[in-house]
Amino acid sequence: MSYRTDRRRRQINRKGRPMQLLRPDESASITVMAYAPPPQAIVLEDSVSVAPFAVQITADETAAASYTPASGDWLRDGGRRYTVTDAVPVYDGSYLSGWSLSAKGGS
């Protein structure tokens, strides 16, 4: 594991909070430590400004549960539920170190 991966893992664990990833049919769910950086851009959606919800997680919990995040999954943050629109794996060389998730919703 490189310094970059170790640094990312420390940041997620230090600044993150527990969130739940689950399949839409609720057949599988896991709790992950997730870091959601402040939004950087606003997107207009149906004439309403909406900030995309970006979340970074480590691959520790997903690998232990054999869970691969995918578009369409749900992400629960407290009482809010988001729909994952994009799940991008983060690699350090050939080592899967985490996931960057984009989500929308928040109902």
Exercise for the section: Give the C-alpha distance, both sets of side-chain angles, the deciding distance and a yes or no for side-chain hydrogen bond (donor to acceptor under 3.5 Å, both in side chains) between E26 and S29. Expected result: CA-CA 7 Å; E26 298 185 21; S29 70; over 6 Å; no
Exercise for the section: Applying side-chain hydrogen bond (donor to acceptor under 3.5 Å, both in side chains), name anything that partners S27, two or more places apart in sequence or on another chain. Expected result: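 D25.
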Handout entry: Residues forming a side-chain hydrogen bond (donor to acceptor under 3.5 Å, both in side chains) with R10, sequence neighbours excluded
Key =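 Expected list: D6.
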Handout entry: Which atom of A36 lies closest to which atom of F53, heavy atoms considered
Key =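 Smallest interatomic distance, heavy atoms only, reads CB-CE1, 3.8 Å.
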Practice task
Search all heavy atoms of A87 against all heavy atoms of S71 and return the closest pair with its distance.
Solution key: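 Smallest interatomic distance, heavy atoms only, reads N-OG, 4.5 Å.
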Problem - With sequence neighbours excluded, residues passing salt bridge (charged side-chain N to carboxylate O under 4.0 Å, His left out) with D60 - result: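 Testing D60 for salt bridge (charged side-chain N to carboxylate O under 4.0 Å, His left out), a comparison that skips the adjacent residues, returns R9.
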Atom pair [atom1]/[atom2] of [X] and [Y] - distance to nearest 0.5 Å:
X: L22; Y: Y67; atom1: CG; atom2: OH; value: 6.0 Å
X: L101; Y: T83; atom1: CG; atom2: OG1; value: 12.5 Å
X: T62; Y: L21; atom1: OG1; atom2: CG; value: 8.5 Å

Exercise for the section: Verify side-chain hydrogen bond (donor to acceptor under 3.5 Å, both in side chains) between D92 and S97, making sure each step is shown before the conclusion. Expected result: CA-CA 6 Å; D92 181 7; S97 62; over 6 Å; no
Exercise for the section: Not counting sequence neighbours, list each pair that qualifies as a salt bridge (Lys or Arg N to Asp or Glu O under 4.0 Å) and has a residue in residues 63-72. Expected result: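 Residue pairs passing salt bridge (Lys or Arg N to Asp or Glu O under 4.0 Å), neighbours aside: none found.
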Exercise for the section: Name all pairs fulfilling the salt bridge (Lys or Arg N to Asp or Glu O under 4.0 Å) condition that reach into residues 12-24, sequence neighbours left out, sorted by first residue then second. Expected result: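 Matches after skipping sequence neighbours: R17-D77, R23-D73.
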Problem - Hydrophobic cluster of Y35, others only, ordered by chain and residue number, side-chain cut-off 4.5 Å - result: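 Its cluster partners, ordered by chain and number, are I12, M33.
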Problem - Donor-acceptor contact below 3.5 Å, side chain S100 vs main chain Q56 - result: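 The answer is no, because no donor-acceptor pair under 3.5 Å joins these two groups.
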Handout entry: Joint hydrophobic cluster, I30 plus W99, side-chain heavy atoms closer than 4.5 Å
Key =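 Per the 4.5 Å side-chain linkage, I30 and W99 are co-clustered.
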Problem - ILVMFWY network linking I57 to V90, side-chain heavy atoms under 4.5 angstrom - result: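 In one cluster with I57: V90, no.
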